[in-house]
Amino acid sequence: KQNGTDFWPGPLDTVTATEDTTEAKNWNKIWSLRKTEIDSFINWSANHSIYPGYVIPQAILTWPGNGDQSKGEGHYIAPYFDVNGDGIYDPTQGDYPIIRGDQALFYVCNDHVNAQLHGETGGIPLGVEIHVMAYVYHCIDADSALWNTVFVHYDIINRSVNQYDSTYIGVFTDNDIG
């Protein structure tokens, strides 16, 4: 993003492989969860009576388990455990997010808002939707390599009519502390 934008927030329409900027603004967020929050939710949903005053974390309530199909979004977006097997993410029915590690951040982005050319690279949009989960593990041993490691899992979904072959993915990271 030094000279422009190649990726925008949110999923793509499963038919047109595009997204409008209004909808992109609605997805401009990151869901942050800890495994302990999910475990507490699971315990609460199994037995409400032993957890008086429990409040479901906002990230669990708003977890984007399913896309809005009336807007052309894919049915499944963020991973979740579907307690009753109905295919609909509903935490009031006991459904809960599935994350990697002990703490995770989840977001969705794409490379094709309003069919714009990529502003940073000047490239043509591929029509891909990317579901990203960055995660860490809590380690007791501060000398462990895991203590200072951030893992990132990408699910890259081709929503275009194009078939891509022998594709390479490069990731540039410039993490600064301070």
Interatomic spacing from CG in L105 to CD1 in I99 - rounded to 0.5 Å: 9.5 Å

Residue pair L33 / I60, side-chain heavy-atom distance below 4.5 Å: yes

Should V128 and V152 be counted in the same cluster of Ile, Leu, Val, Met, Phe, Trp and Tyr side chains packed under 4.5 Å apart? yes

Begin with the C-alpha distance, continue with both residues' side-chain angles, and end with the deciding distance and a verdict on side chain to side chain contact (heavy atoms under 4.5 Å, CB included) for W44 and I56. CA-CA 9 Å; W44 169 80; I56 301 173; 3.7 Å; yes

Apply the test side chain to side chain contact (heavy atoms under 4.5 Å, CB included) to residues I130 and D155: give CA-CA distance (whole Å), side-chain angles for both, the deciding distance (0.1 Å), then the verdict. CA-CA 6 Å; I130 306 166; D155 286 318; over 6 Å; no

Between M133 and P79, is any pair of side-chain heavy atoms under 4.5 Å apart? yes

Which atom of P57 lies closest to which atom of E37, heavy atoms considered: CB-OE2, 4.1 Å

Quick check against the 3.5 Å criterion: does N84 have a side-chain atom that pairs as donor or acceptor with the backbone of Q93? no

Closest non-hydrogen atom pair, Q103 against S32: NE2-OG, 3.9 Å

Is it the case that more than 12 heavy atoms not belonging to I88 sit under 6.0 Å from its CD1 atom? yes

Nearest heavy-atom contact between G10 and N110 is O-ND2, 2.8 Å

F41, F81: one ILVMFWY side-chain cluster at the under-4.5 Å cut-off? yes

So which heavy atom on T149 is nearest to which on V136, and how close? O-CG1, 3.6 Å

What residue pairs, at least two apart or across chains, pass salt bridge (charged side-chain N to carboxylate O under 4.0 Å, His left out) with a residue in residues 88-103? none

Contacts satisfying salt bridge (charged side-chain N to carboxylate O under 4.0 Å, His left out) that involve residues 104-113 (not counting sequence neighbours) are none

Keeping H112 on the side-chain end and S160 on the backbone end, is there a donor-acceptor pair under 3.5 Å? no

So, the side chain of N66 versus the backbone of Y76: is there a donor-acceptor pair under 3.5 Å, distance only? no

Side chains of H138 and W147: does their closest heavy-atom pair fall under 4.5 Å? yes

Would you check if the side chain of W31 reaches a backbone N or O of A104 as a donor-acceptor pair within less than 3.5 Å? no

If I compare all heavy atoms of K71 with all of N26, which pair ends up nearest, and what's the gap? NZ-ND2, 4.5 Å

Test N158 against Y164 for side chain to side chain contact (heavy atoms under 4.5 Å, CB included), laying out the working first. CA-CA 8 Å; N158 180 8; Y164 299 111; 3.5 Å; yes

I'd like to check Y107 versus P9 (side-chain heavy atoms, cut-off strictly below 4.5 Å). Are they in contact? no

Quick note, salt bridge (charged side-chain N to carboxylate O under 4.0 Å, His left out) partners involving residues 159-171, not counting sequence neighbours, are E129-R159

Given side chains that start at C-beta, do those of I156 and I169 come closer than 4.5 Å, heavy atoms only? yes

Can you tell me if T18 and D13 form a side-chain donor-acceptor pair at under 3.5 Å? no

Does the plane of the ring in Y137 sit parallel, tilted or perpendicular to the ring in Y135? Use 30° and 60° as the thresholds. perpendicular

If I compare all heavy atoms of Y89 with all of L61, which pair ends up nearest, and what's the gap? CE2-O, 4.5 Å

Pair E73-W27, side chain to side chain donor-acceptor pair (under 3.5 Å): steps then yes or no: CA-CA 12 Å; E73 298 169 357; W27 281 88; 3.2 Å; yes

Backbone of H118 reached by a side-chain donor or acceptor of T121 within 3.5 Å: no

L12 reachable from I77 in the ILVMFWY side-chain graph, under 4.5 Å edges: no

Check the hydrophobic clustering (I, L, V, M, F, W, Y; side-chain heavy atoms under 4.5 Å; chains of links allowed) and say if L126 and V171 are grouped together. yes

Measuring only between side-chain heavy atoms, which start at C-beta, is T5 closer than 4.5 Å to E120? no

What class does the angle between the rings of F106 and W63 fall in, given that below 30° is parallel, 30 to 60° is tilted and above 60° is perpendicular? tilted

For side chain to side chain contact (heavy atoms under 4.5 Å, CB included), just list the numbers for C109 and W8, CA-CA rounded to whole Å, side-chain angles, deciding distance to a tenth of an Å, and then say yes or no. CA-CA 5 Å; C109 62; W8 293 267; over 6 Å; no

Quick one: OH on Y96 to OG on S40, what's the gap to the nearest 0.5 Å? 13.0 Å

